[in-house]
Amino acid sequence: MKSIRLREGKERSLLRRHPWVFEGSIARGSADAGELVRVEAADGRFLAWGAYSPQSAIRVRAWSFDEAERIDAAFFARRIAAALALRARLAIDSDAQRLVHGEADGLPGLIVDRYGDTLVAQFTSAGTERWKAVIADALLQATGLTRLYERSDASVRALEGLEPATGWLRGGPVAGGEAPPVELTIHEHQWQLTLNIAEGHKTGFYLDQRDSRKRFADYARRLGFQRVLNCFCYTGGFSVAALAGMRAAEAEGGAPGGQVVSIDSSGPALERARAHVVLNGFDVNRASFMDADVNASLRQFLKEGQRFDAIVLDPPKFAPTAAHADRAARAYKDINRLALQLLTPGGVLFTFSCSGGISADLFHKIVASAGADAGVDGYILERLGGAPDHPMTLEFPEGEYLKGLVVMRKG
Ligand code: SAH
């Protein structure tokens with residue numbers, strides 16, 4: 001067993017069960033990619049079992065802080081069982097769920113999403129790459145499913161010195177047989193949504209926004225939105241939510257009509273968004289789709305004097321790490337300022353950041369400063385986060401990547 005000896009004083013984060021060891025904390029020792037290592041303090045005391053990653057700035061990711069624990073197939077089966085047990089207690093209103101969320105589930109570098117009876121996994125660390133076959137078998141065993149598709153094409157793999165890898169890991173086509181479908185339909189709340197696990201973003205869908213989409217539908221119903229703008233709409237999850245809420249409001253005697261404008265720079269995503277409107281029985285004439293840049297579109301709307309009574313801003317990650325925070329902060333502020341200006345008095349903004357490098361506190365400040373610049377005052381009605389199948393933990397604050405605010409314009 002190879003040992004990794006830390007420098008004096010560098011044991012603190014592992015003692016708090018934070019699972020990362022940075023390159024600069026290591027005094028001596030090395031191992032092969034993904035190899036199991038014993039991490040020890042400067043005085044030789046045991047700290048953790050971990051996976052070594054020779055090319056990554058995060059040189060070791062801890063598997064376990066228990067010296068008596070063996071890292072073997074049974075270990076992975078236990079961690080996966082614990083992750084599934086949590087989801088079973090969360091009452092998630094969807095057949096699409098994140099089953100394993102990396103560090104938060106004690107499995108650094110592993111993401112597993114379930115879409116109906118198909119699993120999709122991302123292996124993003126040298127450690128999970130090395131244990132891939134064991135993990136794949138454990139996942140099938142624990143879920144009773146047979147199909148597992150790999151989407152290890154996230155850019156973070158390059159930081160680990162790993163090439164992208166995609167395709168069926170389990171349950172793929174047998175010789176001469178048909179390939180299982182990569183085009184799937186899921187049921188989220190009362191809606192049907194489709195995705196393509198081979199071509200969609202991430203593993204195909206943004207499961208982390210499930211609860212915020214539901215919240216948005218609730219607001220649309222309660223406040224009777226008439227003009228909704230969904231920016232960075234991807235496949236239109238928030239657009240479907242808005243239409244559902246508006247339909248409910250109408251059924252309860254609210255004003256008929258209402259329009260939802262959805263913007264994204266991805267043509268295929270927009271096509272799917274449009275299909276989702278039809279699939280869920282909404283009138284396509286109430287939905288329009290723009291293949292455009294959000295920032296430019298917001299400016300154009302302002303020039304035209306357009307106004308909306310609800311706006312969603314759910315941009316991609318502007319700041320992957322804290323090093324990008326400054327530039328990202330300006331980009332967030334810009335779109336939030338424009339959106340606040342475009343809101344009618346009493347209108348509602350759902351604004352998000354999924355940047356690990358932007359804390360909830362900083363995001364709040366950015367939106368506040370956008371309001372100041374826009375000359376718009378607002379109530380913060382709610383703070384939002386990722387759906388609970390993307391758990392946050394006490395010991396790994398980096399897990400809180402998605403944060404959102406619901407702001408109502410005063411006036
Ligand atoms: N709200 C969505 C997820 C949004 S992901 C949901 O609930 O499913 C971010 C989206 O922003 C992606 O679909 C991406 O194509 C789009 N995007 C990235 N940069 C953009 C830009 N400058 N203008 C418009 N869309 C952009």
Side-chain angles (χ1 to χ4, degrees), residues 93-94 96-98 113 115 154-155 184-189 191-197 199-217 219-220 228-245 260-277 279-280 287-301 310-320 324 327-328 330-336 338-339 349-356 358 384-387 389-390 401-406:
D93 188 9
S94 177
Q97 307 186 356
R98 173 146 302 183
D113 290 336
Y115 297 111
S155 57
L184 305 174
T185 301
I186 58 168
H187 303 84
E188 176 181 285
H189 311 303
W191 317 309
Q192 286 190 71
L193 298 161
T194 67
L195 66 142
N196 187 303
I197 55 170
E199 288 164 13
H201 294 179
K202 306 212 287 185
T203 64
F205 191 67
Y206 291 88
L207 292 171
D208 51 1
Q209 289 285 32
R210 181 191 313 110
D211 289 7
S212 294
R213 286 188 283 265
K214 177 69 164 60
R215 265 342 253 143
F216 195 59
Y219 275 88
V228 174
L229 177 61
N230 181 9
C231 300
F232 309 98
C233 70
Y234 188 48
T235 58
F238 280 99
S239 310
V240 167
L243 288 164
V260 179
V261 178
S262 306
I263 311 178
D264 203 278
S265 55
S266 156
L270 285 165
E271 263 172 50
R272 198 176 285 277
R274 188 191 303 273
H276 284 159
V277 171
L279 180 65
N280 289 281
S288 58
F289 300 90
M290 294 172 57
D291 188 342
D293 172 66
V294 163
N295 197 301
S297 306
L298 295 177
R299 287 170 199 279
Q300 184 63 31
F301 290 150
I311 300 178
V312 178
L313 286 180
D314 186 20
K317 217 187 287 174
F318 289 159
H324 305 78
R327 247 189 79 194
R330 281 195 292 278
Y332 283 117
K333 185 174 159 186
D334 231 21
I335 53 172
N336 278 282
L338 294 165
L349 172 66
F350 269 56
T351 183
F352 298 94
S353 163
C354 61
S355 292
I358 305 273
L384 302 174
D389 49 340
H390 301 62
Y401 68 102
L402 178 60
K403 37 256 160 194
L405 292 172
V406 182

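All ligand and atom numbering here is 1-based and tracks the order in the structure.
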Q.
Minimum heavy-atom separation for Asp389 and Gln97, please, with both atom names.
A. OD2-CA, 3.5 Å
Please tabulate protein-ligand N/O pairs under 3.5 Å for ligand 1, atom names and distances to 0.1 Å.
from: ligand 1; atom 1: 1 (N); to: Phe232; atom 2: O; distance (Å): 3.4
from: ligand 1; atom 1: 1 (N); to: Asp314; atom 2: OD2; distance (Å): 2.6
from: ligand 1; atom 1: 7 (O); to: Arg213; atom 2: NH1; distance (Å): 2.8
from: ligand 1; atom 1: 13 (O); to: Asp264; atom 2: OD1; distance (Å): 3.3
from: ligand 1; atom 1: 13 (O); to: Asp264; atom 2: OD2; distance (Å): 2.7
from: ligand 1; atom 1: 15 (O); to: Asp264; atom 2: OD1; distance (Å): 2.6
from: ligand 1; atom 1: 17 (N); to: Ser265; atom 2: OG; distance (Å): 3.4
from: ligand 1; atom 1: 22 (N); to: Asp293; atom 2: OD1; distance (Å): 2.7
from: ligand 1; atom 1: 23 (N); to: Val294; atom 2: N; distance (Å): 3.0
from: ligand 1; atom 1: 25 (N); to: Ser265; atom 2: N; distance (Å): 3.1
from: ligand 1; atom 1: 25 (N); to: Ser265; atom 2: OG; distance (Å): 3.3

Q. So, do Phe352 and Tyr206 have ring centers that fall under 6.0 Å from each other?
A. no
(Q) Determine whether a donor-acceptor pair (N or O, by modelled atom type, separation under 3.5 Å) exists between the side chain of Arg210 and the backbone of Ala96. (A) yes
Q) Parallel, tilted or perpendicular: which fits the ring planes of Phe318 and Tyr332, with parallel below 30° and perpendicular above 60°? A) tilted
Q. Does Tyr115 have any ring-ring contact (aromatic ring centres under 6.0 Å, His included) partners at least two apart in sequence or in another chain, and if so, which?
A. none
Q.
Surrounding NZ of Lys202 (heavy atoms of other residues, nucleotides or ligands, distance under 6.0 Å), is the total greater than 12?
A. yes
